[in-house]
Amino acid sequence: MTDDLAATVMDLPRRDARDKLRGRTRYTNDRARPDMLQAVLFRATVPAGRIVRLDLSEALKCPGVRGIVTAADAPGQYGIGIADHPLFAAEVIRYHGEPIAAIAADTLEDARAALAAIVLEVEPVAPLLTMADALATDARPVHEDWRSYDVLTEGGARSGNIAWEAKSVRGDVDQAFARADVTIVESRFEVGRQSHVPFEPRVAIGRWEDGRAHIEASTQVPWTVRNVTGRVMQLPPGRVRVTVPPVGGGFGLKFDASIEPVTALLARMTGLPVMLENNRQEEMATCLCRENAEIVIRSAVTADGEIAAREAVVLMDCGAYGGEQVFLTTMTSHTLAGNYRLGAVRVVSRAVYTNTPPNGAFRACNGVYNSFAVERHTDEICAAIDMDPIAFRKRNVLRDGDPGPTGQIFEGDVLGPMLERMDALRAKTGTLKERADGRLYGRAMAVGTWFIFVGPSAATINLNADGSATLVTSGVEIGSGTMMQSLPQIVAGQLGLRPDQIVVREADTDASGLDVGVGGGRTTVSIGAASMGASAEVREKLLRSAGEMLQTAPRDLVLRDGRVEIAGRPGSGVGIPEVVSYAQSTTGPISGTGSFTAKNTPAMSGCAMGHFIDALDIPVFVVHEAEVAVDPETGHVEVLAYRVVQDVGRALNRRAIMGQIQGGVVQGLGYALHEEVTITGDGRIAQDSFETYRVPLAQDVVPVVADLYEGAPSIGPLGTKGAGEVPILAVGAAIACAVARAIGKPVSRLPLTPPRVLRLLHDIEPAPALSHVARDWRANTLIP
Amino acid sequence: MTVTLTINGSACRFTGDPMTPLVDVLRRERFLTGTKAVCREGFCGACTVEVDGMAVMSCLRPIGLLQGAAVTSIEAMSTGDGPLHPLAAALEAADVVQCGMCFPGMVMSLSSFLRDSPAPTRTDVKAAMAGNICRCTGYERIVDAVMEFVGHRQGVRS
């Protein structure tokens, strides 16, 4: 371990826990004041239609109403890849719950009462509620004007209800499938949506100050909120300032802008601060869920377990607007084809418009269900060629120098040694088959590949005369602890300070540079790297000034325990505060800046089409193992034990990572077993309350045993990778494989609710038909 | 309708709709925002407070039924810069807090439970947490911290 690491690695407790535990932390939704207007959204109550008449005159006369905004006040559109999303429906309603207007009033009760006075006439249109409907040859386009939208990222194929299509093709798949010595295995899967249920819903407070908007919001992406607000209001984004108080849970839901710009519009109109908070029903009914998806995978495998070729089609429901799914078409290839060595591969992934609430990002996103699909497919391959599933995985996982789906060359043996570590972990913990107690028992091991979402981050450090340092970034504390633990640990380690001497500034787009947000496991890596850069500049200035004071060359000086010491002479030299004071009067205050962005690892030429990133700068791997007992009478699945081996690059705070693993696995157990979202006949999310949407409770869970795998290659600072996103990655996979083994039936859908498990046991759960996916892979692409 | 009650030891007079849930009186009238309104239907437990010494969900308590009641919210579990409530201190030391929104309710309901149950088992603690949902932590490390707190408390007493 280098000195840098030794000074950085520790189980630092979080500094924000104390106030959170005594109820003093002010989240955005705790910041209502009596002089603030309260806003509500007037939402569509049909899934598709044309607005014939919208009359606000009576609503404007209602008691307490100060202002109402509509699409006319926010003409711009935003999106990821394509600017397809208006803030308010203008002429066309595309989903049930879509905002049409927003009312600001003196009180929430006044605002709500005025909703009833808005006159809206809609000519309903038959909705397209499923991807099968939307992909039918004669289907009406959800976006009639899709051709005219601004394209923000070039390269994706688009047409009608296909919002975006990405492909990767490597090698000759047709030839491999035609080989005489291969068995062809095909699997079909369907998954529903997952709702995040953050305890703090989406909420924002807007103010109009000195001709600019100031939005205080519960968001993971202050810069996206700034830019989207600029776009929809048709203002230069620099006229929007976004600050972020502590966030009461995000999990990816707050990785896009949604209602925040409304508060700026209403604040400009009324001249008063305006608060807009989704109530729980709205929050869940318009949740930017992990998307529902349909997956077909076909592999050609030899008798000794070589995967000669694989092809796959993945349909992702983006709902009424493209959003994150447009980007996520990229990740399909890496999650379906970035874990096993494949002779040849082709994958097409399509984001499909439907008249349903838009989907979004959720912790490890499509990686979660693609891992489920590929691992269940792997077990079906093993059954078809009669090979032990663990032996098959050990034979085929990607090793050093193997190509990924886009021809990227993977570095280092990571998954192989992790599988061995899982064997060792199991040997240590033992298994719990005896606890099945007459029920059907299953155990399964699954792998998963995901990535660290890198991209731009910036950091500034100001060194103060009391020896403290202020770290200024656009990072947000969403609960993962990165802003409270890894960042102060990193900066303190670089500057010879204690973590409690590092003041971490809350995100403020006026104070810090561009950042793509807190999500995708990127904060420790990207903001951490920018903070390392800023530390290096501070360190250089500090050593230069100390060198003058001590008449010693800076290269002979080290930073340790709050002092600048002469190397090899502990206790020598001078305290950092004295050096800062000296510098302030000679060269000026000491500060430093740092920045970071993607490395842009290359793919093989021609392999990746329509991808936002062609290759993974930082791949990250997990190995999970579950033991389950299934009650054949009720279909109830009990998780008996859960084990994780996780690639963390380098663990800076083991205890904090263990907390992320326990929490992430449990969210995955909910997804695998009982968190179910269905769409009603009129296009609503049926589960829009805690009563109908079943998240895990204390009595549903087990302690997760985890082993942190360190040393895999990473461009992250000190060799780190993000550790908070991926614990959920392979849970659906491990549980589905374990349940399939326990009941001896193929599992093709999640969640495995008791009724579904019973149907499987009694052979009355139909296999996914997916008849809208063509047999010929090429027929599922826009440009064959 | 006017209701008088005490909140965290201070006399309080509420005038308005008697069906107003206690959580709204705490948050909107008294700015005691440590009590969180998350589901507003009695499922999540984030709004748990004590009413006359009993842990209850304040979203389900209409203020009109609280004439003369004594309400204690999370803010009264520690004062000024004084020490945390011992259970909260145990949770802080074990580094189990994440987003933190569920913890005020968790502390209110578990402190009440532990007052009445001197030597609970792990199963008892999990059962007591059934009405407090946490979306971040996956519970087990909270249970670990509670069990450690219970063990320590028993050690001190014996």
Side-chain angles (χ1 to χ4, degrees), chain A residues 11-14 16-27 29-34 108 196-201 246-251 279-280 477-481 485 653 655-656 658-667 669 689-691 695-704, chain B residues 17 24 27-28 31-44 46 73-79 84-85 87-89 91-108 123 125-144:
Chain A
D11 281 350
L12 178 73
R14 327 175 40 121
D16 59 346
R18 205 173 174 77
D19 276 3
K20 285 178 170 177
L21 281 161
R22 51 187 177 181
R24 293 186 189 173
T25 301
R26 297 269 174 174
Y27 301 85
N29 74 344
D30 292 328
R31 297 185 179 210
R33 289 171 45 96
L108 198 53
H196 311 68
V197 199
F199 266 33
E200 183 185 36
V247 172
F251 316 118
N279 67 29
R280 188 54 56 180
E477 180 49 57
I478 60 172
S480 66
Q485 293 168 314
N653 187 326
R655 184 170 65 171
M658 291 298 183
Q660 288 299 307
I661 292 177
Q662 177 71 39
V665 166
V666 166
Q667 263 179 357
L669 293 177
S689 72
F690 276 63
E691 183 175 12
V695 297
L697 307 179
Q699 289 162 304
D700 295 322
V701 308
V702 291
V704 176
Chain B
D17 182 355
D24 288 346
R27 289 179 60 85
R28 294 183 190 166
F31 294 92
L32 293 168
T33 54
T35 301
K36 304 300 181 192
V38 175
C39 75
R40 292 183 164 275
E41 291 182 316
F43 290 99
C44 76
S73 70
I74 186 69
E75 286 86 352
M77 300 297 274
S78 62
T79 53
L84 289 183
H85 181 277
L87 171 66
L91 297 172
E92 183 193 26
D95 196 39
V96 298
V97 175
Q98 292 188 25
C99 95
M101 288 275 291
C102 73
F103 275 91
M106 200 74 86
V107 169
M108 293 308 293
T123 308
V125 171
K126 280 188 150 189
M129 285 167 65
N132 290 90
I133 295 177
C134 174
R135 190 57 163 160
C136 297
T137 66
Y139 305 102
E140 293 287 348
R141 296 177 71 252
I142 301 176
V143 183
D144 292 344

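Looking at heavy atoms from C-beta onward, B:V107 lies out of side-chain contact with A:K20 at the 4.5 angstrom threshold. A:N279 places none of its side-chain heavy atoms less than 4.5 Å from the side chain of B:R40. Counting heavy atoms from C-beta on, the side chains of A:E200 and B:C99 never come closer than 4.5 Å.
Taking all atoms of both residues into account, the shortest heavy-atom contact from A:V695 to B:R135 is CG1-NH1, 3.7 Å.
With respect to chain B, the highest number of heavy-atom pairs below 4.5 Å among A:L697, A:D19, A:D30, A:D16 belongs to A:D30.
Atoms CE and CG, from A:M658 and B:D95 in turn, are 13.0 Å apart once rounded to the nearest 0.5 Å. The line from CG of B:L91 to CZ of A:R18 is 12.5 Å long, rounded to the nearest 0.5 Å. With rounding to the nearest 0.5 Å, the separation of CD1 in B:I133 from CZ in A:F199 is 5.5 Å. Rounding to the nearest 0.5 angstrom, the gap separating the NZ atom in B:K36 from the OG1 atom in A:T25 is 7.0 Å.
Using a 4.5 Å cut-off between heavy atoms, A:R14 touches chain B through backbone and side chain atoms alike. For A:D700, no part sits under 4.5 Å from any heavy atom of chain B, backbone or side chain. Proximity to chain B is limited to the side chain of A:R26, based on heavy atoms less than 4.5 angstrom apart.
Environment of CD in A:E691: sparse, with no more than 12 heavy atoms of neighbouring residues, nucleotides or ligands closer than 6.0 Å.
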